[in-house]
Amino acid sequence: RFAKQEGRDMAFGGFGYWARGPLVKVFNNNAEGHFGVSPYAYFVHPGFRTHTTVPNVPGTPEDIKGKDISTSGTAIQTYGIFANNRAFGSYKAALQISYSSPSTSNLGNLIQNFTATALTKSGKMIDFTHSGMQTLRSSVLKAIHEGNS
């Protein structure tokens with residue numbers, strides 16, 4: 001589904017909040033409704049996952065502007081955050097993290113205070129594809145459709 005775009009445009013992919021790498025602060029958000037894939041996603045196309053030069057844009061930490069970082073090897077909490085987020089609705093996975101194997105933290109990616117409520121009979125709460133260590137703290141994952149576990 002993304003191959004023809006070569007990782008340049010992922011917005012059509014069925015995500016609520018989509019982050020192309022670990023430098024984003026995803027904090028205090030609500031994603032409600034039907035999502036073709038996921039309310040929250042960290043997806044770095046394989047063509048971009050080795051090293052990325054960090055642009056000089058407002059909000060970027062001074063110590064990494066213009067430097068190369070490994071988008072797949074940097075933990076979310078190193079420069080960004082995923083905390084206090086809520087997903088409610090129908091989706092394939094409430095949170096999807098792909099191509100992320102952080103070596104910058106012994107926790108891997110830290111997911112904090114995440115609440116997900118699935119209304120459908122099937123699906124996943126969290127999907128880690130081609131990814132390493134992940135830590136989930138103070139989170140609630142609920143499947144409320146009868147028969148969904």
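When a residue number appears, it is its place in the shown sequence, counting from 1.
- Between the side chain of Ser131 and the backbone N or O of Ile97 there is at least one donor-acceptor pair closer than 3.5 Å.
- A donor-acceptor distance shorter than 3.5 angstrom exists from the side chain of Tyr91 to the backbone of Ala118, with no hydrogens or angles considered.
- Heavy-atom neighbours of Lys65 NZ from other residues, nucleotides or ligands within 6.0 Å: above the threshold of 12.
- A donor-acceptor pair shorter than 3.5 Å can be found between the side chains of His34 and Ser90.
- At a threshold of 4.5 Å between side-chain heavy atoms, the hydrophobic network of Ile, Leu, Val, Met, Phe, Trp and Tyr places Met125 and Ile111 in one connected group.
- With contacts defined as side-chain heavy-atom distances shorter than 4.5 Å, the pair Val140/Lys142 qualifies.
- Rounded to the nearest 0.5 angstrom, Asn106 CG and Met133 CE are separated by 7.5 Å.
- Under the 3.5 Å distance criterion, with hydrogens and angles disregarded, a donor-acceptor pair is assigned to the side chains of Asn109 and Ser100.
- For the atom pair Leu136 CG and Leu95 CG, the distance stands at 8.5 Å (nearest 0.5 Å).
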Applying side-chain contact (heavy atoms from CB on, under 4.5 Å), run through Gln96 and Phe15 and close with a yes or a no.
CA-CA 9 Å; Gln96 182 180 47; Phe15 306 106; 3.3 Å; yes

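- Panel note: side chain Thr117, backbone Phe88; no donor-acceptor pair is recorded below 3.5 Å.
- Residues meeting the ring-ring contact (aromatic ring centres under 6.0 Å, His included) test with Phe128, sequence neighbours left out: none.
- There is a side-chain donor-acceptor pair under 3.5 Å between Ser105 and Gln77.
- Using modelled atom types, no side-chain atom of Gln112 and backbone atom of Leu110 make a donor-acceptor pair closer than 3.5 Å.
- When the side chains of ILVMFWY residues are joined at heavy-atom separations under 4.5 Å, either directly or via intervening members, Ile69 and Ile81 end up in two distinct hydrophobic clusters.
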Would you sort out whether Gln134 and Leu107 count as a side-chain contact (heavy atoms from CB on, under 4.5 Å), showing the intermediate values?
CA-CA 6 Å; Gln134 315 289 325; Leu107 298 173; over 6 Å; no

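- Residues Val24 and Ile126 share a single hydrophobic cluster, defined by chaining ILVMFWY side chains whose heavy atoms lie under 4.5 Å apart.
- Formation of a donor-acceptor pair under 3.5 Å by the Thr78 side chain with backbone atoms of Ile76 is not found in this model.
- Using a 30° and 60° split on the angle between ring planes, Phe82 and Phe114 fall in the perpendicular class, above 60°.
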What verdict does the side-chain contact (heavy atoms from CB on, under 4.5 Å) test give for Arg86 and Glu32, after you've listed the backbone C-alpha separation in whole Å, the side-chain angles of each residue and the deciding distance to 0.1 Å?
CA-CA 8 Å; Arg86 180 177 168 265; Glu32 297 186 14; 2.4 Å; yes

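- Evaluation of the side chain to side chain contact (heavy atoms under 4.5 Å, CB included) rule for Asn84 yields Phe27, Asn28, Asn113 as partners, not counting sequence neighbours.
- Thr115 places none of its side-chain heavy atoms less than 4.5 Å from the side chain of Asn85.
- Of the possible polar contacts, one joining the Ser38 side chain to the Ala93 backbone as a donor-acceptor pair under 3.5 Å is found.
- Relative orientation of the Phe43 and Tyr99 rings is perpendicular, given thresholds of 30° and 60° on the angle between their planes.
- Hydrophobic clustering keeps Tyr40 apart from Tyr79 (ILVMFWY residues linked when any side-chain heavy atoms are closer than 4.5 Å, directly or through intermediates).
- Follow the hydrophobic side-chain contacts under 4.5 Å out from Trp18 and you reach Val37 in the same cluster.
- One finds the CG atom of Asp63 at 10.5 Å from the OG1 atom of Thr60 (value rounded to the nearest 0.5 Å).
- In plain terms, the two heavy atoms of Ala94 and Pro39 that are nearest each other are O-CD, 3.4 Å.
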